[in-house]
Amino acid sequence: MLGEFEYLLITAAATLGDDAYGAAIREEIESTTRHRCSIGALYTTIDRLEKKGLVKTWMGQATAERGGRSKRMVRVTPKGVHAAKEFYNAVTRISQGVSWVVQ
Amino acid sequence: MSATGWGLVELVAGLLSPHEREAVLGDLAEANENALRSIFDVLGLFFRRQAVLWCDWRPWLTGFGVALPSSYLLMCVSASVTSTYVRLFEPRIFLYGLPTGHEGFSLLMCHIFLLIAWSWTAGFEVGSLSRRTLWASLILCLVPCFSCSAMFFPLPKAALFLFVVPGIWGLRHGLRFMSVERTFGLALAATVTVLMLITWKYDALWAFNWGLILPVWYLAAAAWRYVPVSARTV
């Protein structure tokens, strides 16, 4: 089963679709969770997910705003979609009936 | 970010692999983060990458199992070869208490060949098994060089490092090619083993030097993975 950060990364990449690359995924995660996402955590997790066959990456085009440097593009594979769905369903199931009231 | 700050970030990013450096520097430029945070980000990624590498057995084996003990043993062999040479060709010079094989030209030749073969194969193993943690293996290799060189005081310092050149030669070969030709690997392993047995028979081999046979037979075992250029698929 996925870890929570792996789930966040796959979900962000799936949301961004064809525009999913390192900086964009990082910004998406930071704006959604309101927590800082380090580049180290991002790229090591992308590598781990790629090894598991859950995402596919390749070097994309360079843009002027990046100082002429290439992007590392990310695409979620069907296996990745399945794993994310499984994680989401598990979280949804376990959350049913829970009341978040501090005793 | 200032030009100086960006220059520092680019310098630190040199620790990353070329593709990763390209993507990370692009991300940092796009996010327009300050220099200090960018440097911490790059260093964080580098240390995470290193931590992943050290979860594997290879860096431990090459660092603590090959580089560290081999450099100590090969330094002793270098000293032994030098003192044997001096005693043979400069008999007026006395070097009591220094390691040496039994005197004799043929045994000296044998030791010189073994020194080159041991150094080359140890370098090859370090190069082929721990490319990305090479820095750690090199530091471990330097530890005995600095801490034990005073043991062989009368000998010139350079004489203790005869193993360095063949070691670097083997290291470069290991970095470029993961293996050697089968015939070469087996022939080298067999020759080294026979020569070690001969020197052992003449009491001219330190028992610990048998440890140096492991990289030699690793080379022979790795040679079985060798795929000739003509059989490689593109």
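Within every chain, numbering begins at 1; the chains are lettered A, B, ... in the order of the sequence lines, protein sequences first and strands thereafter.
With a 4.5 angstrom heavy-atom cutoff, A:A41 touches chain B via backbone and side-chain atoms both. Heavy-atom distances place the side chain of A:R26, and not its backbone, under 4.5 Å from chain B.
Ranked by non-hydrogen atom pairs under 4.5 Å with chain B, the options A:M59, A:K71, A:R72 are led by A:M59. The residue among B:E20, B:E22, B:R21 with the most heavy atom pairs within less than 4.5 Å of chain A is B:E22. Taking B:G26, B:G44, B:A29 one by one and counting their heavy-atom pairs under 4.5 Å with chain A, the maximum is reached by B:G26.
Aromatic ring orientation, B:W120 versus B:F124: parallel (interplanar angle below 30°, classes split at 30° and 60°). A parallel orientation is assigned to the rings of B:F64 and B:W60, their planes being inclined by less than 30° (bins at 30° and 60°).
No side-chain heavy atom of A:E4 sits under 4.5 Å from any side-chain heavy atom of A:L8. Proximity of B:L134 to B:T62: side-chain heavy atoms (C-beta onward) are nowhere separated by under 4.5 Å.
Residues B:W118 and B:L74 approach most closely at CB-CD2, 3.7 Å, considering heavy atoms.
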